[in-house]
There are 2 protein chains.
Amino acid sequence: MSDAESPIPGATVARLVDYLAVLTRLADAGVSKVSSNELAEAAGANPAQLRKDLSHLGSYGTRGVGYDVSYLQIQLDQHLGAGLDLPVVIVGVGNLGRALVNHTGFSSRGFKVVGLVDADPALTGEQVEGLTIVGDAGLETLIARTGATIAVITTPAEVAQQVTDRLVASGIIGILNFAPTALSVPSNVTVRKVDLGSELQILAYHCRVPGSKDSLLSAWNEQSNELAGADPL
Amino acid sequence: MSDAESPIPGATVARLVDYLAVLTRLADAGVSKVSSNELAEAAGANPAQLRKDLSHLGSYGTRGVGYDVSYLQIQLDQHLGAGLDLPVVIVGVGNLGRALVNHTGFSSRGFKVVGLVDADPALTGEQVEGLTIVGDAGLETLIARTGATIAVITTPAEVAQQVTDRLVASGIIGILNFAPTALSVPSNVTVRKVDLGSELQILAYHCRVPGSKDSLLSAWNEQSNELAGADPL
DNA sequence: TGCTGTGAAACGGTTCACAGCC
DNA sequence: GGCTGTGAACCGTTTCACAGCA
């Protein structure tokens, strides 16, 4: 079903991306068929959910058999709009920014970093992975020249909003925000936030609580309680 | 309400972490009172949701007035178990791993990177931010010595599962996984996955679709349709 | 009066169970 | 028989509307 204009649930999209990654790996490994069980396990999902997810795009499997790996891969590619080599600019060339320039996960999924911007004059002109870092003032020109529509922000939180405003004014419509601050943008612009500190903190919370009693993490709490002013929980 | 044993909804936990970050910033700026409107806006949430979220931990506000910034900050700290300087080890000292060692968002939220592991013999012994990189074989010893219970994996996907197995066997109960692969762990271990490539791809999808027609991103599609293999710049 | 705290309704997403097809 | 596709039940989350309190 579902050939109308993509009403794909947001949560499903996130998983489709994972399925696609697994399919690509399987195809490279020469595997030609998968069942929903196998694919779901490899992607860390459950089979019923995978089938439900796929049912939002169409019926690409064969009952009693499974899915043809490369066929399903192509279908997901199309639905997700992958394989385009979309140009991306990175604003903020600190440690994280530099790590992302080299990140293989970007290129392997159809993105190409085409520009780097950093406000620090000491960095202007420096070469990173074949790209020349552009100064603050060059942001607008860079975007116009490269035709980038997606930007990654890895600046300090304090300047993230101003950078955002200039990106949006320059035609950027998608922002991946690593700065630990909320960004306000017009409704036609999409922001996705990734806060690495938050991720760790959320993880730590889930370690503390769900393990029925206190989970092993409380071992550390007790250990550090010797000279702790506050008590946990 | 809710003084029983923390049945805090998972989705709420993620936001509480953000509220806490904003509160910390406000406290540093000398602000002493916030309303749910202000706090929600600063954290990128909506006021009703914020109040609902907070109601899971207790009644820490004053009706008709708002919240006392530092008091609420302390309460969130306690409920989230923050402020403990939890020791964390990073396995895989590539570009991303190095960026995380220096990441201020870790230390500011109560985590301390206490160890680095990398299988590349060329890196063994190298100093990064005052820490000496330990070889593959030293993983177990490092964890025992530092008492770390949380690990960050930034290795290639191919070795992530073996690394995980050894981490778990060494007593690690929380893993932040940056490798683009699903990890299987015993039920007492919590894994949180962050796939940077996926994040970009999900962002790109949301840019393509929701903008009613085709959104500006299709401008790039058309532009690149002139010659299929053409690349920007 | 104004803002918090919260039941209750509405929503979206997940899980279940089985019909449908190979 | 086996595995996909999918309606229907289930569950968690969000939103709403207003009661409760300074």
Would you mind telling me which of C:dT15, C:dC3, D:dG5 lies closest to the side-chain atoms of A:R63?
-> D:dG5
Grab the CG-P distance between B:L16 and D:dT13 for me, whole Å please.
-> 12 Å
Heavy-atom nearest nucleotide on DNA chain C taken for A:G64 and for A:R15; more 5' hit belongs to A:R15
Is there a donor-acceptor pair under 3.5 Å between the side chain of A:S35 and the backbone N or O of A:E38?
-> yes
Which nucleotide, C:dT4, C:dT15, D:dT14, lies nearest any side-chain atom of B:Y67?
-> C:dT4
Give the rounded distance in Å between these two atoms: CD of B:Q49 and C1' of C:dG12.
-> 13 Å
Side chain of A:K52: nearest nucleotide among D:dA8, D:dT4, D:dT15?
-> D:dA8
Could you give the CG-to-C1' distance, from A:L72 to D:dT4, as a whole number of Å?
-> 12 Å
Atom pair distance, as rounded to whole Å: NE2 in A:H56 and C1' in C:dG12 | 10 Å
To the nearest angstrom, how far is B:L54 atom CG from D:dT14 atom P?
-> 14 Å
Roughly, in whole Å, what's the span from CG in A:D53 to P in C:dG13?
-> 11 Å
Spatial distance of atom CG (B:L72) from atom NZ (B:K33) [nearest 0.5 Å] | 11.0 Å
From CG of A:L57 across to P of D:dG5 the rounded distance in Å is 10 Å
Return the value, rounded to whole Å, for the distance between atom CZ of A:R51 and atom P of C:dC16.
-> 12 Å
Using a heavy-atom distance cut-off of less than 4.0 Å, which residues of residues 33-42 of chain B contact DNA chain C?
-> B:S35, B:S36
